[in-house]
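The sequence lines fix the lettering, A, B, ..., with proteins before strands; numbering per chain opens at 1. Note that the coordinates shown come from a computational prediction; the quantities given were computed from them, not determined experimentally.
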There are 2 protein chains.
Amino acid sequence: MVDVAADAGVSLKTVSRVINGQPNVDAALIERVNASIARLGFHRNALAASLRSGSRDTIGFLAADLSNTFYMTVAAAVSTVAIGRGMQVIMASSEEDARAERTLALDLCQRRVGGLILVPAGEDQSYLAGEVAAGTPVVFLDRPGGGLEADAVLIDNRGGAHAAVAELLRYGHERIALLFDSPSIFTMAERRQGFLDAFAEAGRIPDPALLVSDLHTPAAARDAMERLLEAEHPPTAVFCANNRSTIGALEAILPRDAEVAVTGFDDFELAQVLPRRIRIVDYDTDRMGTVAAETLFARIDGSAGSSRFLLPTRLVDRGGYGR
Amino acid sequence: MVDVAADAGVSLKTVSRVINGQPNVDAALIERVNASIARLGFHRNALAASLRSGSRDTIGFLAADLSNTFYMTVAAAVSTVAIGRGMQVIMASSEEDARAERTLALDLCQRRVGGLILVPAGEDQSYLAGEVAAGTPVVFLDRPGGGLEADAVLIDNRGGAHAAVAELLRYGHERIALLFDSPSIFTMAERRQGFLDAFAEAGRIPDPALLVSDLHTPAAARDAMERLLEAEHPPTAVFCANNRSTIGALEAILPRDAEVAVTGFDDFELAQVLPRRIRIVDYDTDRMGTVAAETLFARIDGSAGSSRFLLPTRLVDRGGYGR
DNA sequence: GTGAAAGCGCTAACAA
DNA sequence: TTGTTAGCGCTTTCAC
């Protein structure tokens with residue numbers, strides 16, 4: 001910038017004004033400065049600007065698992081909102097590791113992000129208290145954080161699962177299987193609770209033999225479903241608590257054309273072209289990202305308090321062209 | 001940092017050394033400094049460190065469409081490599097707009113990213129020449145850039161399409177439809193060329209009535225496929241140049257159980273549970289991100305020249321439990 | 001409307 | 001092993 005100023009025969013400050021489009025600069029000078037900028041191939045250093053002005057022009061997005069398209073979709077929505085505000089998003093992933101979460105979150109804060117959207121991998125986020133107090137707001141996404149007062153944007157996991165299972169019970173299903181991942185994951189515990197709520201409400205007791213946990217992959221869910229189908233008293237319906245479970249269950253059910261009603265939490269690509277009709281607990285992933293970003297920006301802009309958003313779910317049909 | 005130094009009764013530089021884990025500091029001083037850091041709740045400003053040292057600790061990833069899971073998967077792989085090097089990824093998307101691409105790319109450079117992985121939306125990236133010359137390497141991803149000497153990591157679109165269509169021809173298909181998006185998109189033009197190559201090699205001429213372009217959505221592909229099926233001379237096979245086309249074609253074919261062999265470019269979730277066997281031109285998306293990131297880091301580390309990686313494809317079976 | 005000087009928070013270079 | 005000084009590139013403050 002010094003060189004540009006010298007080249008254009010103006011002061012540093014005038015160059016700064018031109019670069020930042022500030023008013024009260026003579027049109028002729030603007031011309032001259034711009035010419036010098038072009039001639040010298042000058043490129044402003046946004047880091048230095050940020051350092052001096054104290055402004056923050058990025059936000060951090062810390063997912064739990066970048067290979068999960070769900071978080072990616074949310075990240076895309078967050079990015080759209082951020083770019084609309086002239087900010088950009090630094091993206092990282094804890095890969096479900098609490099230590100990595102902590103390291104990355106603190107690292108993002110060191111980079112002076114204006115705020116942080118965080119999918120907690122660990123139980124305790126009190127390590128961020130200092131940052132929040134120092135003016136870096138945090139919004140929890142998908143799971144509530146622990147040990148830290150902050151906004152949270154969640155899906156109505158329990159309500160969605162409850163509605164899905166209540167429907168199956170209403171249709172007369174007595175033996176409903178539940179396929180899910182580890183109950184230590186917040187969303188899984190909530191969805192299982194919704195399942196149990198529906199049974200309790202109907203005055204029924206689920207068969208413990210039909211509840212299968214720790215299914216991390218579609219293949220595991222497929223094997224579990226096959227075992228259930230081959231058991232003495234197979235289920236007449238199955239509730240799959242995430243899309244990996246649903247896909248696995250279908251891989252077991254479709255080839256043998258088993259008589260099992262399928263309801264799954266989470267929509268997925270191609271659910272439309274399935275040969276049989278299934279029910280899906282759907283929600284608006286984009287909206288989740290948008291709400292999280294807007295909440296964060298509201299905090300950045302100084303709004304106080306902390307709130308918890310519970311995004312609604314709805315039961316929809318998928319597939320079924322064959323029937 | 002001044003406060004920490006004062007609190008610990010040491011100089012600024014000693015605090016700096018402790019923070020950066022530099023050697024040759026007395027253990028007792030390290031203790032004292034760390035105690036002061038904790039007491040004062042000090043947080044290092046990575047921007048200032050970066051400004052002074054000239055080091056760069058982020059890379060930019062500029063996708064063309066964040067809602068496309070393909071780019072997200074690549075971004076995840078890039079992020080993994082970057083974090084392994086202690087760097088982080090700033091992510092943005094041009095949403096297929098050349099002007100937005102330019103603005104965002106230059107903005108990332110102003111943020112002093114150490115390098116840029118770019119999916120070109122426009123034809124011409126010569127606007128980055130200054131940045132590249134000034135030491136910000138660029139790697140093109142998925143599409144080659146224009147007007148700029150830089151590495152590119154591409155899929156073997158043409159070869160993959162050629163192999164797929166050659167196989168269909170070998171199996172005796174004469175009337176093969178081609179469903180694809182806009183030929184102005186590099187990958188689409190290449191895949192179409194592969195299709196034509198296979199015909200030329202076999203000494204055949206494709207029926208122009210069976211080549212349908214500008215299918216941006218599964219719904220458009222479905223409609224196109226329906227029209228083809230209802231025409232006087234329907235195709236006996238279809239090659240779908242991307243997964244949106246494949247999904248749309250299946251939505252038309254499966255409900256009427258039409259006798260059409262399906263081959264598609266790009267794998268997709270749930271391809272496994274399709275009721276009929278299809279062929280897919282598959283490739284390693286993760287590897288694409290890894291190669292791009294590693295190429296970028298090699299340039300950052302000073303390797304010279306520019307190379308073009310052509311990632312291989314392979315033909316695989318999907319679905320088909322029903323037959 | 002324009003410019004000079006100070007300083008954001010840190011690290012490099014050099015000195016002790 | 002520790003400290004001093006200068007300065008990264010920019011914006012702020014305030015004077016003109």
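Ion pairing between A:Arg143 and A:Glu96 holds under the 4.0 Å rule for side-chain N and carboxylate O.
Formation of a donor-acceptor pair under 3.5 Å by the A:Gln125 side chain with backbone atoms of A:Gly122 is found in this model. Although no hydrogens or angles enter the test, the distance criterion places a donor-acceptor pair under 3.5 Å between the side chain of B:Glu101 and the main chain of B:Ala121. When atom types are taken as modelled, the side chain of B:Ser79 and the backbone of B:Ala75 share no donor-acceptor pair closer than 3.5 angstrom. No side-chain donor-acceptor contact under 3.5 Å links A:Asp286 to the backbone of A:Asp284. Side-chain atoms of A:Asn20 never come within 3.5 Å of backbone atoms of A:Gln22 as a donor-acceptor pair (strictly under, hydrogens ignored). A donor-acceptor pair under 3.5 Å links the side-chain atoms of B:Asp26 to the main chain of B:Ala28, judged by distance alone. Judged by distance alone, with hydrogens and angles left aside, the side-chain atoms of A:Arg299 form a donor-acceptor pair with the main-chain N or O of A:Ala304 at under 3.5 Å. In this structure a side-chain-to-backbone donor-acceptor pair under 3.5 Å is missing from A:Ser16 to A:Leu12.
For the atom pair CZ of A:Arg111 and OG1 of A:Thr136, the computed distance is 14.0 Å after rounding to the nearest 0.5 Å.
Identified under the side-chain hydrogen bond (donor to acceptor under 3.5 Å, both in side chains) test for residues 27-37 of chain A, with sequence neighbours left out: A:Asp7-A:Ser36.
A 4.5 Å side-chain heavy-atom check between A:Arg308 and A:Leu154 finds at least one atom pair inside the cut-off.
Between the P atom of C:dG1 and the CD atom of A:Glu31 lies a distance of 17 Å, rounded to the nearest Å. Rounded to an integer number of Å, the gap from A:Arg32 CZ to C:dG1 P is 16 Å. We find that CZ of A:Arg112 is positioned 14 Å from P of C:dC8, with the value rounded to whole Å.
Five base pairs at each end of the helix from C:dG1-D:dC16 to C:dA16-D:dT1 define two local axes, and these are offset by 30° (rounded to 10°).
For the contact set between residues 128-136 of chain B and DNA chain D, defined by any heavy atom under 4.0 Å, there are no members. Listed by residue number, the members of residues 35-58 of chain B with any heavy atom below 4.0 angstrom from DNA chain D are B:Leu51, B:Arg52.
By the side chain to side chain donor-acceptor pair (under 3.5 Å) test, A:Arg287 pairs with no residue at all, sequence neighbours left out.
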If you restrict it to nitrogen or oxygen atoms, what contacts under 3.5 Å exist between nucleotides 2-5 of chain C and the protein, and what is each distance?
unit_1: C:dT2; atom_1: OP2; unit_2: A:Asp26; atom_2: N; d: 2.6
unit_1: C:dG3; atom_1: OP2; unit_2: A:Ser11; atom_2: N; d: 3.1
unit_1: C:dG3; atom_1: OP2; unit_2: A:Ser11; atom_2: OG; d: 3.2
unit_1: C:dG3; atom_1: OP2; unit_2: A:Thr14; atom_2: OG1; d: 2.4
unit_1: C:dG3; atom_1: N7; unit_2: A:Arg17; atom_2: NH2; d: 2.8

